Each structure stands twice: as C-alpha cells, then as structure tokens.
Number of protein chains: 2
Amino acid sequence: MIRFVSSSGDSCSCVGKRFRGLYTEAMNSSKAVGLADVAREAGVSLATASRALNSAYGVAAATRERVAEVARRLEYVASPEASRLATGTTRTIALVVPHIDRWYFGEMVNGLEEILREAGNDVLLYHVGDPEGRHAFFEHLPARRKVDAVVVVAVPITDHERRRLELMGVTIVAAGGQDATYPYVSIDDAAAVRQATEHLLRLGHRRIATITAVDPDRVEQPARRGRTRGFYEAMADAGVTVDEELVVTTTWGGVQAAEAMEKLLSVRELPTAVLAHSDEMALGAMRTIRRAGLRVPEDISVIGIDDHPLAELVDLTTVRQPVRDQGMHAAHLLLALLRGEDPDRAQKLPTRVVVRSTTAPARNDQPSPARPATGATQH
Amino acid sequence: MIRFVSSSGDSCSCVGKRFRGLYTEAMNSSKAVGLADVAREAGVSLATASRALNSAYGVAAATRERVAEVARRLEYVASPEASRLATGTTRTIALVVPHIDRWYFGEMVNGLEEILREAGNDVLLYHVGDPEGRHAFFEHLPARRKVDAVVVVAVPITDHERRRLELMGVTIVAAGGQDATYPYVSIDDAAAVRQATEHLLRLGHRRIATITAVDPDRVEQPARRGRTRGFYEAMADAGVTVDEELVVTTTWGGVQAAEAMEKLLSVRELPTAVLAHSDEMALGAMRTIRRAGLRVPEDISVIGIDDHPLAELVDLTTVRQPVRDQGMHAAHLLLALLRGEDPDRAQKLPTRVVVRSTTAPARNDQPSPARPATGATQH
DNA sequence: CTGAAAGCGCTTACAG
DNA sequence: CTGAAAGCGCTTACAG
C-alpha cells in the first residue's frame, strides 16, 4: 500500500515535495495496524483476537469486549487479502454492464451497489461493450476466482457462458434482463408495452405504429420478443389489426429511432400514434416528426418506455419502469442465493403509464369507443 | 470460491438440483489449478514458475517458454488474493462517484474503467450519494488498504479527506472536478460558460439570464465559481452590464432549473436568452418557457452545457464537453502517477459550442453588433 | 473459553 | 539461471 519505489527517494506516488518528509515519517512510524497489534494490546492470542472479531461463539463476553475495544481504538481493519486467502471467500461481486453511460444501466448499478455494499461486499465493475469484451470477461473472470458472484445487467448470456460460471461455483443473477435459465429480476416487457398500447387505444388511436428495438450483437433478444408480443396482444385484444407497415425495427438509440420514424412518415397513410421501446427512442421519433412539420401530440401522439429522468422535462408520456428498484431487488435475490436460501428466481416488478403531454385523443377519423385518459396516472 | 457449505449437501449456491452431481464432481476433480500444478507439470520449482510468469529477468528463455506453455494449457490464473498478500500491492483502484445514475458520471466511469482495466487493474465502484456516505468512504477505505489509488469523480474533497488518503499512501486523482490540491483532469468551466455566453452575445442578445448550479452538500463549489466567472467575464468583455436579477442560483437538476426559470419569467423585463449550467437544466428551463406560452428560440433562446446524448434529439444548442475523454485522461494521469512519473497534474480538455436550434438571433429590440452564427459548429 | 500451529497461494530475498 | 525457505496477514481445526 505505501509505495516508495524509487531508490532515489523522489517518487512518493503523487505527493508534492513539501509532503515528502511527512510521508516518510508516516511510512516509518505507522505501518497499518494488524491483528497482531490488537492481540498484543488486548493480551490475547491471535486466534482469540480473530475469533472475538469475527465469530459469534467461543469467546468469553469480556474478552470479546476487550478485543473489540482495542480494535476500535487502534482503528484496526482486517487486511482483506489475508482474510480472503485464509477463508477462500472473496466478498466481491462483479457487475457486468454493457453501457454504463446510459441512464438505465447507471440507475441499475446504483441500486445494486447500494444493497451489495451494505451487505459488506465489494463491487467490481466490468464494462463489457462489445462481444469481444463479453467473451474476454466470461473466459477470464471465473478462472481468476476473484468474485463470489456476478450480476449481469440486461445482457443475455449464452449457455456456454452460464455453464462456465456455474462450473466455477460462481453464482449468477440477471438484473433487468430475463431468461429462464438463471435467476433474474426485471419488468414484464410484454406488459409494459401492453400498457402503452392500451393507453393509445383508449385515446381512440387505431393506426398505431411501433418502433421496436433490438440489440445489435446479442445472441438472444428477449426484450424484443417480449415487448413486441405485448403490442400484438393488446392490439388483438382490442380487435385492431396491426398494419405491418407500421412496425419498424431498429437498434436501441434515439438517432436510430429518428431514422425509423422517417420510414413511418413515408407510409401511405400516416399513423396517428407511435410507441417507442424507450424514451430515448421516443425523443428521436419526435425530432423527426417535428422536423417534418408535424406536431406532437396534435398530429401524432408519442409514447415511450422507461420514464427517463428527462422524460419529465420534455413532458413525454411514457411507461415507467422502476430501474433502481430492479437493481436493489436483484441484489437481494443474489444475497439470498449466496446465503443458500431459496428465493423467488423470477421476479417481475410492475410498470405503469405516466401520462404527460405527448399523447392526445385520436382525431375523429376513427371511432373512439373508449374515453380519453384524464391526465392522471393510471396502472 | 467453490462454495458447498451445507453439510446436508443440498446447498450448492444457486444451482438447481439437476446440476448437483455435476457440481460435486467439478468440485472434487478440478479445484482450480495453482502455481504448484504449473511448476510440477513444467518440472521446475515454485520460485522459477513464479518468476517465469512475472518478472522479465532471471529465467532462461527456454524455461520461461515451457512454463508459459504449461500455464496456458492448464488455464492457470494466479490467485489475486495470494499475490496481493505476497506483494503488498492491490492492483485495485476505487472510483468514488456521487451520482452513478447521471449521464455525466456514467460516461466518466466508462472512460476510467476502460483505461484502468486495460492496464490490469480492478475497478471498485463506490457510490457515495450523501455527505455521510462520503464520510464513511474516506474514513474506512484507506484503513482497509484495499486500493492503490482512488479517483474521485467530480466531488471536491476536503483537505482532511485528502490528507487521510495521502497519509495511507493512496494516490488520488480527480476526474471532472478541479482543485489545486491534487491532480485532476477536467474542462475549463469558466471557458465553457464564456463560450456559451459569447455565442449568445454574437446572436445579438444583451439581456442574458443564467441559471447557475451549485451542489447542495459540497464543501467547495469550484464549478460554480468557475462557471459563474466565465459568464461575468464574457459579459464584461462585451461591454454588457449584467442584470443581477437575471442571475439565479439553484441546485443541479432539471426540475430545479424549471423553478428557477419561473423566477426569471417574473422579472420586469424578460431575458431574451438563458444560459443553463447543464443540458438537463436547459431542458427544465425550456419546459417552464413552453408552459408559459413562450417559444424557444423565437421568444427566448436557450443554451446548455454538456452535450448530453439527448441534447441532439431535442435540438438543444449547447457547449460540448468531452466527458468520456476526461475519464480516460484521468485514468492515464493516475497510471502515470502510480508509475512514479511526473505527468501534467492539471489537465483541461477543450469544449466547443454545438449550435442547434434553441438559440436564434435576438429580436431587434437591441442593437446587434455581431453577425449571427451560421448554424455550423464553432469553437 | 483459549492458544500454538498449520495453511491459504503466491512472491522474493538469499544462497547456490 | 534456479531452488529451498521465509513471509504476506489472516482463519481455523486441533488440543487443551
């Protein structure tokens, strides 16, 4: 930890010259207190000191007290390397995140980190952007035996990857993804889209377009399946035929959605509403609509999914998903698994429509059987 | 790592029953290959095996080759705990992040993680939201001796905190913050705001309002000082007197900015342009303007700072700052410091105005000495 | 309840 | 160039 490599004595990490004296002194004098110091000071053996600090049994209350007191006074903290080596446990959990720079992932990590750290774990961040990164991660991490568990954030993993982790005894959990093969917590994608679709249907829309998102390099695309399914089901339930021309697919992203929207605007008969698979995509669609000289929601209603923090600022109607909560639940799920409990391995958190001002009743070119929403929030 | 705690044999982490046989087998048979296995297989001692794999000197080329080959074949990976214990180094770097869920922080972490991991370090994530979290971090982390260095993302730290880290020999670097007391990479806040202000001035605006951001619980507020200063300087240079009524301060956030904008709209003579300290805040201001029945940019021009990914989708004019780059540069700075080199300890990355459509020439109630910008990007 | 001792899996002077 | 041995700082059976 204390690092004075250079023999010439001029390189004490990044510390300015004026501090050098101070540093040398600190190095020589303090040298992190260890268990031995605590034991000596408390007048017990190493073994007893260790037990007093860790295990619940086998130490006289008075002894435990005394040791604890000394440890506190000396600001003793066990060397994690040493105790990990000795116990064979790491108390470290890896987070595998494809796009840490996107709100969704950051929020998820936020929730995960909070719970995992509270439980005494270290949280290692692995950003795996592209397929190679994923590959490298799954090939090396388990072998490194650095972690007790890994939580993958919205990344479907292959069977091979999963098996590799399992074989090494690494517990795996998915946050925000969903996959029957390992425990997860997510939203019900189909239900979310169904809610969005039903909101539009309730407003009297019939020509509803949807901008569907897929991952460019994912092996599976559950979200697409799930979300798209919700749309078709809701339309069918309402007895509305889906015009396949109004179903466009693109990769995640606002710009991509903006381009997809151009396609939708070049259809013979324009849609009166469009449902995007994320708020970001909804904003992209809105830009195209706006640039085409059309208005939202007067000419075309737009609804997204997420309730991104900025959605509120641009008055975007959307389906809210609790992202941070998904992270927290996933963390709890993982901890339960690590404890050897048997928690619910398939948790879905509810979503709900948040009505703002990018959706409006369809104009009277279609019959409008349902009443328009009233501006309040609904389930 | 392999974890079969229960004596009844029914709790192999989170693995389903059908896998139990497989697991037990794996556990019994494989048991992670260690240096000893490599050494034996290669017919050398532990010491030689270790040297062959790590140090550059002191091993015959042929020996090194053979050991490396065996290691590869056995898929050997050193136990990080053991080697850290033995070397006293952690190869671990902590990232202290106040709001991982915001784009700016996620992007920064993205850049940091990439470079630090490439260099062979583990990246530990610490989300410290509130002052207590910060306190806990700085009090415990150094004592834990878990990390070689910490990079604080846009969090000014107190002198006491800094000293604590330094005394433990932990190298510290700031990414996105700026502070004369430790090495950093950031943008020039004053320059960024100056660019924004000059853009508005160039469009002929004179009644320029600014929504200034401060951190609620920060000890220092360099950004505020810096950014605010840029505004006053640019105005002074242009010979325009700042109307103090048009300078409002609030905490970071779109909703807060929306409220601040209400204040600006209740001034006797409305501003013709407003400069917000972030894009999110700009969007908040725009919402208030829109809801007041005014148009952007026809009635009021709006410019932000950041070039948030969504800024492009809402056509927001802004000052772009390279966030990921700041993270990458900060990582390189840190690595250089750890290597004992003497890098530039005060790196500022350039920003530039990105003109989109929320700013327009001031209407002719004021003289317009400069030509309006032409829609292209400018420095 | 407590202690002496072995061991976790590496690295690294110290001798050849 | 190579090996035997000590040591990194804990934890945990194994004996009292």
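Chain naming here is simple, since letters A, B, ... match the order of the sequence lines and numbering starts at 1 in each. The structure presented is a predicted model; accordingly, all values stated were derived computationally and were not measured.
Straight-line distance from the CG atom of A:Leu46 to the C1' atom of D:dA13: 16 Å, rounded to whole Å. Rounded to an integer number of Å, the gap from B:Leu53 CG to C:dT12 C1' is 15 Å. Between the CG atom of B:Asn54 and the C1' atom of C:dT11 there is a distance of 8 Å, rounded to whole Å. In this entry the distance linking CG of A:Leu85 with P of D:dG7 reads 17 Å, nearest Å.
Nucleotides D:dG16 and D:dT12 have their C1' atoms positioned 16 Å apart, rounded to a whole Å.
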Working note: A:Glu161 + A:Phe137, criterion side chain to side chain contact (heavy atoms under 4.5 Å, CB included); need CA distance, chi angles, decisive distance, verdict. CA-CA 10 Å; A:Glu161 292 167 339; A:Phe137 173 81; over 6 Å; no
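Among the protein residues, B:Ala60 comes within range of the sugar-phosphate backbone only, with heavy atoms under 4.0 Å from sugar or phosphate atoms but none that close to a base. Residue A:Ser50 is in base contact, counting any heavy-atom pair closer than 4.0 Å across all strands shown.
At a threshold of 4.0 Å, the pair B:Arg72-B:Glu69 counts as salt-bridged, since one of the basic side-chain nitrogens sits closer than that to a carboxylate oxygen.
Here B:Thr87 does not reach the OP1 or OP2 of C:dT12: none of its side-chain N or O atoms lies under 4.0 Å away. A sub-4.0 Å separation between OP1 or OP2 of C:dG3 and a side-chain N or O of A:Ser45 is present. Contact check, B:Thr63 against D:dT2: a side-chain N or O comes under 4.0 Å of OP1 or OP2. In this structure, A:Tyr76 does not reach the D:dG9 phosphate: none of its side-chain N or O atoms is under 4.0 Å from OP1 or OP2. Here B:Ser79 does not reach the OP1 or OP2 of C:dC10: none of its side-chain N or O atoms lies under 4.0 Å away. Remark: A:Ser83 is not in phosphate contact with D:dC10, judged by side-chain N or O atoms under 4.0 Å from OP1 or OP2.
In this structure, A:Thr48 and B:Ala61 both approach DNA chain D, and ranking their closest nucleotides by distance from the 5' end singles out B:Ala61.
Contact annotation: side chain of A:Arg51 to base of C:dG3, donor-acceptor pair present below 3.5 Å.
Each of A:Val185, A:Val150, A:Leu116 was checked for a side chain to side chain contact (heavy atoms under 4.5 Å, CB included) with A:Leu334, and the lone residue meeting it is A:Leu116.
Note that CG of B:Asp122 and CZ of B:Arg84 are 5.0 Å apart. Values are rounded to the nearest 0.5 Å. A distance of 7.0 Å separates CZ in B:Arg117 from CG in A:Leu125, rounded to the nearest 0.5 Å.
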Kindly express the pairing pattern of DNA chain D in dot-bracket notation, using | wherever a base pairs with another strand and counting only Watson-Crick or G-U pairs under 3.5 Å. |||.||||||||.|||
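More than 12 heavy atoms of other residues, nucleotides or ligands shown are found within 6.0 angstrom of NE2 on A:His127.
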